[in-house]
*Asks:* 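Pasting in a structure now, in structure tokens, and then I'll have a few things to ask.
Each chain gets a letter, A, B and so on, in the order the sequences are listed, and its residues count up from 1. Note that the structure is a prediction, hence the values are computed from the model and not measured.
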There are 12 protein chains.
Amino acid sequence: MPVFLVLHGPNINLLGKREPEVYGKLTLEEINDCLEKAAVELNIQLKTFQSNSEGGLIDALHEAQTWADGVIFNPGGYTHTSVALRDAVAAIHIPVIEVHLSNISGREEFRHTSLIAPVCQGSIAGFGWRSYWLALQALATHNLD
Amino acid sequence: MPVFLVLHGPNINLLGKREPEVYGKLTLEEINDCLEKAAVELNIQLKTFQSNSEGGLIDALHEAQTWADGVIFNPGGYTHTSVALRDAVAAIHIPVIEVHLSNISGREEFRHTSLIAPVCQGSIAGFGWRSYWLALQALATHNLD
Amino acid sequence: MPVFLVLHGPNINLLGKREPEVYGKLTLEEINDCLEKAAVELNIQLKTFQSNSEGGLIDALHEAQTWADGVIFNPGGYTHTSVALRDAVAAIHIPVIEVHLSNISGREEFRHTSLIAPVCQGSIAGFGWRSYWLALQALATHNLD
Amino acid sequence: MPVFLVLHGPNINLLGKREPEVYGKLTLEEINDCLEKAAVELNIQLKTFQSNSEGGLIDALHEAQTWADGVIFNPGGYTHTSVALRDAVAAIHIPVIEVHLSNISGREEFRHTSLIAPVCQGSIAGFGWRSYWLALQALATHNLD
Amino acid sequence: MPVFLVLHGPNINLLGKREPEVYGKLTLEEINDCLEKAAVELNIQLKTFQSNSEGGLIDALHEAQTWADGVIFNPGGYTHTSVALRDAVAAIHIPVIEVHLSNISGREEFRHTSLIAPVCQGSIAGFGWRSYWLALQALATHNLD
Amino acid sequence: MPVFLVLHGPNINLLGKREPEVYGKLTLEEINDCLEKAAVELNIQLKTFQSNSEGGLIDALHEAQTWADGVIFNPGGYTHTSVALRDAVAAIHIPVIEVHLSNISGREEFRHTSLIAPVCQGSIAGFGWRSYWLALQALATHNLD
Amino acid sequence: MPVFLVLHGPNINLLGKREPEVYGKLTLEEINDCLEKAAVELNIQLKTFQSNSEGGLIDALHEAQTWADGVIFNPGGYTHTSVALRDAVAAIHIPVIEVHLSNISGREEFRHTSLIAPVCQGSIAGFGWRSYWLALQALATHNLD
Amino acid sequence: MPVFLVLHGPNINLLGKREPEVYGKLTLEEINDCLEKAAVELNIQLKTFQSNSEGGLIDALHEAQTWADGVIFNPGGYTHTSVALRDAVAAIHIPVIEVHLSNISGREEFRHTSLIAPVCQGSIAGFGWRSYWLALQALATHNLD
Amino acid sequence: MPVFLVLHGPNINLLGKREPEVYGKLTLEEINDCLEKAAVELNIQLKTFQSNSEGGLIDALHEAQTWADGVIFNPGGYTHTSVALRDAVAAIHIPVIEVHLSNISGREEFRHTSLIAPVCQGSIAGFGWRSYWLALQALATHNLD
Amino acid sequence: MPVFLVLHGPNINLLGKREPEVYGKLTLEEINDCLEKAAVELNIQLKTFQSNSEGGLIDALHEAQTWADGVIFNPGGYTHTSVALRDAVAAIHIPVIEVHLSNISGREEFRHTSLIAPVCQGSIAGFGWRSYWLALQALATHNLD
Amino acid sequence: MPVFLVLHGPNINLLGKREPEVYGKLTLEEINDCLEKAAVELNIQLKTFQSNSEGGLIDALHEAQTWADGVIFNPGGYTHTSVALRDAVAAIHIPVIEVHLSNISGREEFRHTSLIAPVCQGSIAGFGWRSYWLALQALATHNLD
Amino acid sequence: MPVFLVLHGPNINLLGKREPEVYGKLTLEEINDCLEKAAVELNIQLKTFQSNSEGGLIDALHEAQTWADGVIFNPGGYTHTSVALRDAVAAIHIPVIEVHLSNISGREEFRHTSLIAPVCQGSIAGFGWRSYWLALQALATHNLD
């Protein structure tokens, strides 16, 4: 049974309380619950982790390589500024998918560029918690075609 | 039963023959077949259309508004240059999802900016034909949550 | 009796339905009617044409040269991106006036630059359908002073 | 009877003598005369004012608010550099129309950007003194539609 | 008893009437009154001056040097465009503090750069009339530490 | 009695020893002491915290929301690079004031842009430890006017 | 006998009438005649096609791949703006040579960048109709060395 | 006997007191005296004028045209920001020479571009009051060669 | 006997496994061993530390100041983005040398700018683990000349 | 019999040995031989010269004017950086054609701009030694049409 | 008796023949003669040197330091591109004045920036051969004030 | 015994006399002596060459390929401007190391970009003459690991 890491970046712990018109009304716990239910149906195991620390996210990516078959990663505000996270994604040998709750192309100019996306398998943005859910579908079918 | 338009932009008619290491080995017909099979399972009706013409794509978007419940749109090379297509997407009142076969963030600099994405519901890139398939899942669940 | 072409660019066929707070409530047909009434008073003949296709607009400009005394042109989203339309305007020997329904300087950054305006006689923006009406006045008085 | 301010910015007092191939052969007095004749026909009262001083133009805009129903404003060289004039236009509660004698889009790069236009009702450029005349028509019909 | 100049730049005379959601509801006279009351408590004498003219503000700064112990300066729209005002601040030998009613970093891009701030002692923005009041506290304690 | 967080960003623990001509001679402890004395006079309670870690600062902001009435925040070098800290400030529902010891506008080009300031209530820079003291005055009077 | 497509982009149908000091005095028909004569001498067969439509040019490139041994392509104003045409050239497996009548490097800034040239075999500009003639020589000797 | 205007821009009235290491120790009066002595030797009449107001300088240039044979102009801080002054210089029909006391190329980035110089006969910078003296020599010999 | 800190930034713990064609085949432990052997020969004591956390690296630099005579620092991905690390290097009073395993100038555009290098004594890049070894030579001879 | 200069810029003496996948396998001598054979057929005389020195190339262009009817010029790496060579080409009164062996538009960003091309008659790039051969055809037919 | 070097950069040997409407009708020899006559009157000795080679000009500047009291330098096209010449000017301990025949600010964009001027004493442009003559006056009076 | 070229670029012949606070007090001869002594210890033979001419340095690199095992190259001011030197380094098949006496990242903006470094093995900057010495160590150990 494949096992994936769902890695949540900075400020995502505030979900549900933080600008719900942008990020939706679900809390992080509720999103994780939804994803775990979907994983069960797909016969997949999920582990979830959230950190506000760039270094903590890098550590999590490094470790994931030793036990996970893929990563669903929402780098939050680090998306646009972190070369170190980009290097971490590029350094590990498992597929990583970048997800965003909001449609970042439609927001401030500085959110239009992702340093992480070029080294991911693909990216999904704008579907609220469904962005994670779609990434799960993508990872689950990754070796099918 | 909801009905969606799958709208393919310029050069996508060459799929399978064109740079397969970038765009995958499936032809446009094969992709359309895969999508239609997936649609049947989801109890959705699909219509597919391809055009190399910016004006033809604008026309198709305008018309879709009269019969479709949503659009899965791969604007191809027009993604980065067409204000007119952006205006067409913004003008119609049904959800549009931008999809790309390849991971455009990881290619030439001029492919990193999308004029279309800011007015779409969301965007999905880098999963080959599965990008369309994920968009189909997204549209199908659009009003569920 | 002078005869002018009123040339409408992409998405203008949706007028009245499309973002009325930006573009006004009149439909394209209603605008054309208003202009034709105004033309009758000025003893001018108008022909109107709309196309969503860049090539179609270029063709129309080329042909106008053989029968029209001037062009009132709303290039829509092509205003900011089309060197080919600019070349078409520069290539014909009749006056062309650029018009916009909305005040494009007050909208997104990419709408602040016009590739077409530098080769027109002048430009008028921000007055809704009156932008066309003002251009009609301008063409009508073009050789008076 | 509505009353409008025609506000002329820097160097416009030299009109007729200054680069007539760019700005036309009429002097400022002749333009004002033409406009006043046109105003009489439209049953409108005009007041005209010219200043080379940025501060003087700001003062004039502030005062206009107390007696005028609209402003026809040619900000001349301040068009491209004055945030203070932009703020003055935004601060008053009457419609302001930006006009230019020459087609500024077709001249030096630094003349392509207007800091004033985004806070005006609309802008008209390239028709010589007729730019003012068209603005007069626009103001006169401002509340008709 | 120390004496300070409170120097108000362009459009600040309209305060209270102009975009109150951005600049607050107090008029310039009310702000001056509040500041004078606060000055009395701090045993400081204030003179206040407002001008819409860049040259007038430069003159005021030059003269302040002959009688004032410091300047609280709101350069308004000149903040972002005036090298001449910057040179005036740098040329005089008394401390100058830049203040803004609104949080200029959160507004249009062109308001993010100040040509004046680099030659001031410091800058304070975003606290409405309290920005002036804080600058008064800063000048009053300037030689204490 | 209101309670505020004084949040010190990276390298501020070195204060007094680090480039005193730029940042002043007071140590972090001495600044905290001064602020606490001032707080007592204003009948305010202060808690102070310093961290060199971006994630640590985000955590502190998140927690502050549960107990503090406002934050005085010196983001240090993260001011110019951290979208994640900006998002944290935007996500919490208490007023945050950005402060800087030095006049950052007068230093290197890359220090002229703040990613944090646009989502703060206001910002204060250039007054040494008095920048914090002024922010304290600002928070204390925040609901008075 | 090899067969080549000579593909003319937008506005080239106006040749001879359009700005002859820039583009020369020959009409499109005369150029095609000259090229066909030269082709006969080289034992080559030519087909010529002109379109003002970006989509039409993409279609023509796609089809050429099924019957032609090479393409001489003047993309006109699309040279500087069309990613879709670039993708079409990259997608077909026959050599394409970019030609321009005028010396585009010596004209407006926006004509200095070609999106098409990087995916062509080479480019030739500035020799009037001889640019096509030289491209014909280049294609004819393409496999000789 | 030819007569020239020596026109001093903003802050030059402070000369001698203002940053003497940049601008030299002579006051404006002393510079004017030196220039007048040099003019007598060259059989030239000089009039000198200083203003801190952009509008005042424009007025002075306009008037100079009615009585002067040339202008020596130090636009000070307006050099880098004033399109209106540029237009004034371009509008008058007498030679204007731009001078600067300091070597502006060696100072801040924003001082490297002059909007005035392109429409002057020439420019001289970096020689302290001798910059004016050299311009006087240049005007005096203007028609000799 | 002098003692130096060898400070390894983010992702360097993966060395040997991560893109060996870019970063070489040695693991971090092997590099540290090589350096320690070289240090023994030079009669130098080394301490080595690695962290993926920006804050952790700042802390390490601050502490090094209390016990080390110099630092060899590979800031990894933080090189191009961290003002906070730059400030930390500038704040401590011991020489710091920037090193990179790969030749960063020859990689992606965003790796060409170092925020750290300007405040270091010097920088060395492109020699694999020998970059550290050369820095050790540099520190060892630092006070010799 | 017309006589042309074939002028080879820096590093072209290494041809055949230097990156043959970019520049081809022919040595400079072999290219010169091929060109001379082609010249004989066209009844043209060629002189060839190579220099690695910018000054040497300028000298050669100056002298060519006294004896040559045209120049075929490969400016190599100076193409993108030399205003002095551009001035030399503009200063002489014989036609100059810019040639490049490789398709410079398809290489590094800094090779996309030519300072030389705007003052040449035309330019040819991407055909290996045939670029020179095509330029020879162009010069030979220069006065025919 | 002071002795100065007049150093002429690239293409200046063509003077009189090269674009006389830009650079004037005098040849280099005639300019040198004029300057020598003026030098005699000022009791100054001149040596003149021209080179098209960047290295040759650097050598000349280095040597000048051993025998000259100052340099009048026209760097021609190297003005805008040569860091090496800038370093040479900065390295020698005699005053250097930059001169240009034409008004370079009024020409192409790339001629608006001088790398040399910031390290010169001053610069003079736009007066034809009189630019040199004015620089001679400047050097002659260099130590007078 | 390996033999290396030490290649010194423009202005390095002035070393010791030129801005010693930037470049150190040693003359070029003294540096060469130090390096030769170090080479003897390493059993390496050195040849040293200095030229102020870009072409001369290109020639030296070309020749080095025929006799040297590596090059230590200080391109001086050409570092930031010379594509031709970059091409020369890329064209030869021996390792080249870029060195700089000063820490160029900490100087003017235009010194932050090196056109040469991307095609070198590595680069070393900021250690005075020790930069060369370190490069010698690097070359000496180049094939050891």
Side-chain angles (χ1 to χ4, degrees), chain E residues 24-26 30-31 34-35 37-38 41-42 70 72 75 79-80 86 89-90 95-145, chain F residues 24-26 30-31 34-35 37-38 41-42 70 72 75 79-80 86 89-90 95-145:
Chain E
K25 286 178 212 158
L26 295 184
E30 290 165 339
I31 289 181
C34 291
L35 290 173
K37 273 180 215 147
E41 284 178 38
L42 292 161
I72 296 169
T79 304
H80 321 294
R86 176 197 181 108
V89 171
V96 179
I97 297 180
E98 188 192 66
V99 298
H100 295 283
L101 294 151
S102 67
N103 182 1
I104 51 176
S105 314
R107 299 174 66 197
E108 303 98 322
E109 179 78 21
F110 62 79
R111 293 194 208 270
H112 297 190
T113 305
S114 170
L115 279 163
I116 313 296
V119 292
C120 289
Q121 191 205 349
S123 63
I124 299 171
F127 303 97
W129 82 272
R130 288 280 182 192
S131 293
Y132 291 91
W133 176 77
L134 292 167
L136 188 57
Q137 309 275 346
L139 274 184
T141 57
H142 182 241
N143 294 315
L144 287 192
D145 304 301
Chain F
K25 286 178 211 158
L26 294 184
E30 289 165 340
I31 288 181
C34 291
L35 289 172
K37 273 180 215 148
E41 285 179 39
L42 292 160
I72 297 170
T79 305
H80 321 295
R86 175 199 181 105
V89 170
V96 179
I97 297 180
E98 188 193 68
V99 299
H100 294 284
L101 295 151
S102 67
N103 183 1
I104 53 176
S105 316
R107 298 175 66 198
E108 301 97 324
E109 181 75 21
F110 63 79
R111 293 196 207 270
H112 297 191
T113 305
S114 169
L115 279 164
I116 312 296
V119 293
C120 290
Q121 189 204 352
S123 63
I124 299 172
F127 304 97
W129 81 273
R130 289 280 182 191
S131 293
Y132 291 91
W133 177 77
L134 292 167
L136 187 56
Q137 310 276 347
L139 275 184
T141 57
H142 183 241
N143 294 317
L144 287 193
D145 302 305

*Asks:* So, the side chain of E:N103 versus the backbone of F:C120: is there a donor-acceptor pair under 3.5 Å, distance only?
*Replies:*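 Looks like yes, one N/O pair under 3.5 Å.
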*Asks:* Drop me the distance from E:I97's CD1 to F:L134's CG, to the nearest 0.5 angstrom.
*Replies:*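 These two atoms lie 8.0 Å from each other.
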*Asks:* How long is the gap from CZ on F:F127 to CD1 on E:I124, to the nearest 0.5 Å?
*Replies:*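 So the gap between those two atoms works out to 4.0 Å.
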*Asks:* Let me confirm one number: the CZ-NE2 distance from F:R130 to E:H142, rounded to the nearest 0.5 Å.
*Replies:*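 Nearest 0.5 Å value for the CZ-NE2 distance: 11.0 Å.
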*Asks:* Would you please name every residue forming a side chain to side chain contact (heavy atoms under 4.5 Å, CB included) with F:I31, sequence neighbours left out?
*Replies:*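 Expected list: F:L15, F:L26, F:L35, F:L101, F:W129, F:Y132.
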*Asks:* Hey, which of E:G126, E:G128, E:S123 has the most heavy atom pairs under 4.5 Å with chain F?
*Replies:*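 Answer, by heavy-atom pair count under 4.5 Å with chain F: E:S123.
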*Asks:* If you count heavy-atom pairs under 4.5 Å between each of F:C34, F:S114, F:P118 and chain E, which one has the most?
*Replies:*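 Among F:C34, F:S114, F:P118, the one with the most close pairs to chain E is F:P118.
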*Asks:* Check E:S105 against F:A117 and note the closest heavy-atom contact, atom names and distance.
*Replies:*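 Nearest heavy atoms, E:S105 then F:A117: OG-CB, 3.5 Å.
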*Asks:* Please enumerate all residues that pass side chain to side chain contact (heavy atoms under 4.5 Å, CB included) together with F:S102, with sequence neighbours excluded.
*Replies:*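 Result, side chain to side chain contact (heavy atoms under 4.5 Å, CB included) vs F:S102: F:V22, F:Y23, F:I104, F:R107.
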